[in-house]
Amino acid sequence: MVFKEKEFTLGEKSILLRSARTDEAQLLVDYLKDVCGETRFLLCDADEIEYTAESEEDFIEDKNSSEDSMLMLAFVDGEYAGNCSFQPIGTRRRAKHRADIGIALYQKYTGFGLGRLMLEQLLGKIKELGYEQAELTVVGGNDRAYRLYESLGFKECGRIPNANKYQDGTYADDIHMVKELNR
Ligand SMILES: CC(C)(COP(=O)(O)OP(=O)(O)OC[C@H]1O[C@@H](n2cnc3c(N)ncnc32)[C@H](O)[C@@H]1OP(=O)(O)O)[C@@H](O)C(=O)NCCC(=O)NCCS
C-alpha cells in the first residue's frame with residue numbers, strides 16, 4: 001500500500017514520511033549496504049547485500065501495490081534518513097493476522113525520536129488493516145531499539161541464544177517481541 005506524504009517536525013528538523021518511488025531503487029540499495037556496514041544489529045554484513053536497482057524497483061512496486069504490506073521512507077530536512085516496513089509474517093490463512101516489522105536508519109539520524117515517529121505511523125497503518133499483532137526481532141545488545149520497542153508496547157516473548165555469529169568470533173542472541181493490537 002502507499003503511504004501518502006505526511007510532514008512532521010522533530011525539534012528543529014522537518015520530517016517527511018512517504019512511500020518510495022521506483023526511481024529511488026538505487027538509493028535504497030546503496031542505503032542497505034551503508035546501514036548494514038554501520039551496525040551489527042541488522043540482518044547481514046554489507047558485502048552480503050545482493051540486491052540490484054532492478055530487483056529493488058520490483059520490490060518498491062510490489063510494496064506500493066500490495067494490500068497488506070508497506071514500505072515507508074523518512075526524509076530529514078530533505079535528506080533520505082532510512083525506512084521501515086511491514087508485511088504479513090506468512091502467506092497462509094492462519095498467519096495472516098501477524099505483521100512483521102523492520103526498521104533501519106542511518107546512524108546520523110538516530111537518537112532524536114525519528115524511529116518512534118515512524119513506528120507510531122507504521123503501527124497505525126497495521127492496525128487500520130486489521131492485523132491483530134505486530135512482531136519483530138531485535139539483536140541482543142541493541143538497547144536503543146529494545147527500549148523503543150518496549151515503550152511502544154512490544155513485549156519480549158523469546159530468545160534464540162547465539163543466533164548471530166560475527167566474524168570476530170563473538171555472538172549475539174535474537175530476541176522476539178510481540179505487540180498485541182486489540183488489547
Ligand atoms: C533502532 C532505531 C530504529 C531506533 O530509532 P531512533 O530514532 O534512534 O530511536 P528514538 O530516538 O525514536 O528512540 C530511542 C529510544 O531509546 C532511548 N535511547 C537512545 N539511546 C539509547 C541507548 N544507547 N540505550 C538505551 N536507550 C537509548 C531514547 O531515550 C528513546 O527513548 P524515549 O523515546 O523513551 O526517550 C534506530 O536507532 C536505528 O535504525 N538503528 C540502526 C539499525 C537498527 O538497529 N535497527 C533496528 C533493528 S531491530
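Whatever order the structure lists them in is the order used to number ligands and atoms, beginning at 1. Numbers for residues simply follow the sequence, beginning at 1.
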Which label fits Tyr80 and Phe75: parallel for a plane angle under 30°, tilted from 30 to 60°, or perpendicular past 60°?
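Judged by the thresholds at 30° and 60°, the geometry between Tyr80 and Phe75 is tilted.
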Please confirm whether the backbone N or O of Leu129 pairs with a side-chain atom of Asp68, one donor and one acceptor, at under 3.5 Å?
no
For the backbone of Ala172 and the side chain of Asn164, can you confirm whether one donor and one acceptor N or O come within less than 3.5 Å of each other?
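Indeed, once roles are kept as given, a pair shorter than 3.5 Å links the two residues.
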SB check Glu24 Arg18 (cutoff 4.0 Å):
yes
Charged N-O contact under 4.0 Å between Lys125 and Glu128
yes
With the side chain counted from C-beta on, respond yes when Gln87 and Ser66 share a heavy-atom pair under 4.5 Å apart, and no when they do not.
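They are not in contact (no side-chain heavy atoms under 4.5 Å apart), so the answer is no.
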Protein residues having a heavy atom less than 4.0 Å from any atom of ligand 1
Phe41, Leu42, Ile103, Ala104, Leu105, Gln107, Thr110, Gly111, Phe112, Gly113, Leu114, Gly115, Arg116, Thr137, Asn142, Asp143, Arg144, Ala145, Arg147, Leu148, Tyr149
